[in-house]
There are 2 protein chains.
Amino acid sequence: MRSPDETDLAILRLLLEDARRPYNDIATQVDVSAPTVSDRVNRMSELDIIERFTIDLDQSCFTDGVDLLIDLELRATSVDGLTEALVAVDGIEHVFTTTDARVLAIGSLRSERVGPALLEALDAEQIESYRVHLLQARARDPSITAGPLTLNCDTCADTVGEDGVTVSLDDTLHHFCDESCQKLFEERNLTAPSS
Amino acid sequence: MRSPDETDLAILRLLLEDARRPYNDIATQVDVSAPTVSDRVNRMSELDIIERFTIDLDQSCFTDGVDLLIDLELRATSVDGLTEALVAVDGIEHVFTTTDARVLAIGSLRSERVGPALLEALDAEQIESYRVHLLQARARDPSITAGPLTLNCDTCADTVGEDGVTVSLDDTLHHFCDESCQKLFEERNLTAPSS
DNA sequence: ATTGAAATCGGCCTAGC
DNA sequence: GCTAGGCCGATTTCAAT
């Protein structure tokens, strides 16, 4: 199977800017035909390089609160699922967890809601301390770096080389370093493999 | 002019999940006609509530580096434009600046590139200190909070009420608390107003 | 209802065996 | 020389307005 290439990167850049651009326009700019663009976009969707088509919103329209940065230090308990639990809190938009048990949450909340919000998602004894900062500015740029586009093994998260295995399970393509990683993945996911 | 309402919020939620969903599907779910959905989406685009149609990518495919959190403390110099300068650095995806002169940058870089990257965007004397943390997990959820959808004054950033002014300048709609804010905006933006 | 875009299908070409 | 996979052109289907 062909690996993603420069043409794919160019398509992604154009879609990032405007996902409604007609395939014909993209086709002209990257110098292939419209059906080819379609094929490649589909393939990248299956490969989960493209996670979804979506919209960027002006977040400032949706809050009566103020942008905050919550800086949490945790006791050395389990951190699994904590990132997800926090981001599910209404108003929290980003959560970053570091390897040294710090958690940063960014979102728009009224400040009196911060404490209750944290307790919604966490056990009180997990929290060593937290500090709240006011945000002055934020910027986001999901740009594509110059580097190569790689696929990552669904089991061990390493980069999959040319000799990797790609199989189709439950409607998305999964890729693995080798058969042993594939085996592991299939064992962990109880649904019977389709191939 | 009609203010955005619950129907608009419902449309946005659906588009967030899948911006390629046909207007017909959306129309059924929010109980209006497809042309109405079209009109509302267009209006929200003009109002810049919808900033753009785009794609979400699996960032892990685009880096040979590792996810880092760079925690910068600045000397109390001017912070203007600094957020933008940092986010323009290749590999940096998010930048958050707090009111107490801390700057958090998140991105994928090889660690030996962190120092040079910062010096690309900042003057050395602006940096008080910085620490680099390894990221273990990250999550994002650009969800729409239950609260009201508000428009913000392009001059003073306050919420624009029912009595606000909305005018069309250079292809997007701008809204203002009142005529004085509109005047200020027009003076600052040298292009002649179209109305 | 009209217009235009996207998915589809069949044939072609190329690369790898 | 044969096969598999990618690419393209024409057509059909479907969505947007």
Side-chain angles (χ1 to χ4, degrees), chain A residues 1-57 148-151 160-169 171-176 178-179 182 194-195, chain B residues 1-2 4 7-8 10-57 61 168 171-173:
Chain A
M1 166 177 284
R2 188 181 55 71
S3 291
D5 60 13
E6 276 305 320
T7 301
D8 291 304
L9 287 177
I11 293 171
L12 292 179
R13 276 194 210 96
L14 292 169
L15 287 176
L16 262 184
E17 271 176 28
D18 178 7
R20 289 195 148 183
R21 212 187 293 262
Y23 283 175
N24 237 316
D25 292 5
I26 298 175
T28 309
Q29 295 195 51
V30 304
D31 217 48
V32 292
S33 73
T36 300
V37 174
S38 174
D39 290 346
R40 285 172 179 252
V41 169
N42 286 339
R43 210 168 68 86
M44 289 191 284
S45 299
E46 283 172 359
L47 288 171
D48 228 38
I49 293 169
I50 297 174
E51 291 178 346
R52 60 174 177 178
F53 284 75
T54 186
I55 51 179
D56 277 352
L57 295 174
L149 203 168
T150 60
L151 301 178
V160 174
E162 279 298 327
D163 51 345
V165 191
T166 299
V167 295
S168 173
L169 303 170
D171 266 346
T172 54
L173 295 176
H174 297 261
H175 11 276
F176 306 99
D178 52 30
E179 281 82 4
Q182 179 184 352
S194 63
S195 69
Chain B
M1 163 174 286
R2 186 183 57 73
T7 302
D8 291 304
I11 293 171
L12 292 179
R13 276 193 211 97
L14 292 169
L15 287 177
L16 262 184
E17 272 175 27
D18 179 7
R20 290 195 148 182
R21 213 187 294 260
Y23 284 177
N24 239 317
D25 292 5
I26 298 175
T28 309
Q29 296 195 51
V30 304
D31 215 48
V32 293
S33 73
T36 301
V37 174
S38 172
D39 290 347
R40 284 172 180 251
V41 169
N42 286 338
R43 209 170 69 86
M44 290 190 283
S45 299
E46 283 171 359
L47 287 170
D48 227 37
I49 294 170
I50 296 174
E51 291 178 348
R52 61 175 176 176
F53 284 76
T54 186
I55 50 178
D56 277 353
L57 295 175
C61 295
S168 171
D171 267 346
T172 53
L173 295 177

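A, B, ... follow the sequence lines: proteins, then strands. Residue 1 opens every chain.
Annotation: side chain of A:Met44 is in contact with side chain of A:Leu12 (closest heavy-atom distance under 4.5 Å). Contact check for A:Phe53 versus A:Val41: side-chain heavy atoms found under the 4.5 Å cut-off. Considering only heavy atoms from C-beta on, A:Pro4 stays 4.5 Å or farther from A:Leu9 through its side chain.
B:Thr36 places no side-chain N or O within 3.5 Å of a backbone atom of B:Val32 that could act as its donor or acceptor partner. A:Arg21 places a side-chain N or O within 3.5 Å of a backbone atom of A:Leu14 that can act as its donor or acceptor partner. Judged purely by atom type and a 3.5 angstrom limit, B:Ser38 has no side-chain atom pairing as donor or acceptor with the backbone of B:Ala34.
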Output one letter per nucleotide in nucleotides 4-17 of chain C: B when a protein non-hydrogen atom lies under 4.0 Å from the base, S when only the sugar-phosphate is that close, - when neither is.
--SSB---------

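Taking 4.0 Å as the cutoff to heavy atoms of chain B, we find the contact window on DNA chain D bounded by D:dA16 to D:dT17.
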Does the side-chain contact (heavy atoms from CB on, under 4.5 Å) test come out yes or no for A:Leu47 and A:Arg43, once each step is laid out?
CA-CA 6 Å; A:Leu47 288 171; A:Arg43 210 168 68 86; 3.7 Å; yes

Take A:Arg13 and A:Leu16 through the test side-chain contact (heavy atoms from CB on, under 4.5 Å) and record every step on the way to the result.
CA-CA 5 Å; A:Arg13 276 194 210 96; A:Leu16 262 184; 5.5 Å; no

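Of the residues listed (A:Asp8, A:Ile26, A:Val30), the one engaging A:Arg40 in a side chain to side chain contact (heavy atoms under 4.5 Å, CB included) is A:Asp8, and it is the only one. Each of B:Asp56, B:Ile55, B:Thr54 was checked for a side chain to side chain contact (heavy atoms under 4.5 Å, CB included) with A:Arg52, and the lone residue meeting it is B:Asp56.
Among the atoms of the strands shown, none is found under 4.0 Å from any heavy atom of A:Arg43.
Counting only Watson-Crick and G-U wobble pairs whose two distances sit under 3.5 Å, DNA chain D takes part in these stems of three or more pairs: C:1-17 with D:1-17.
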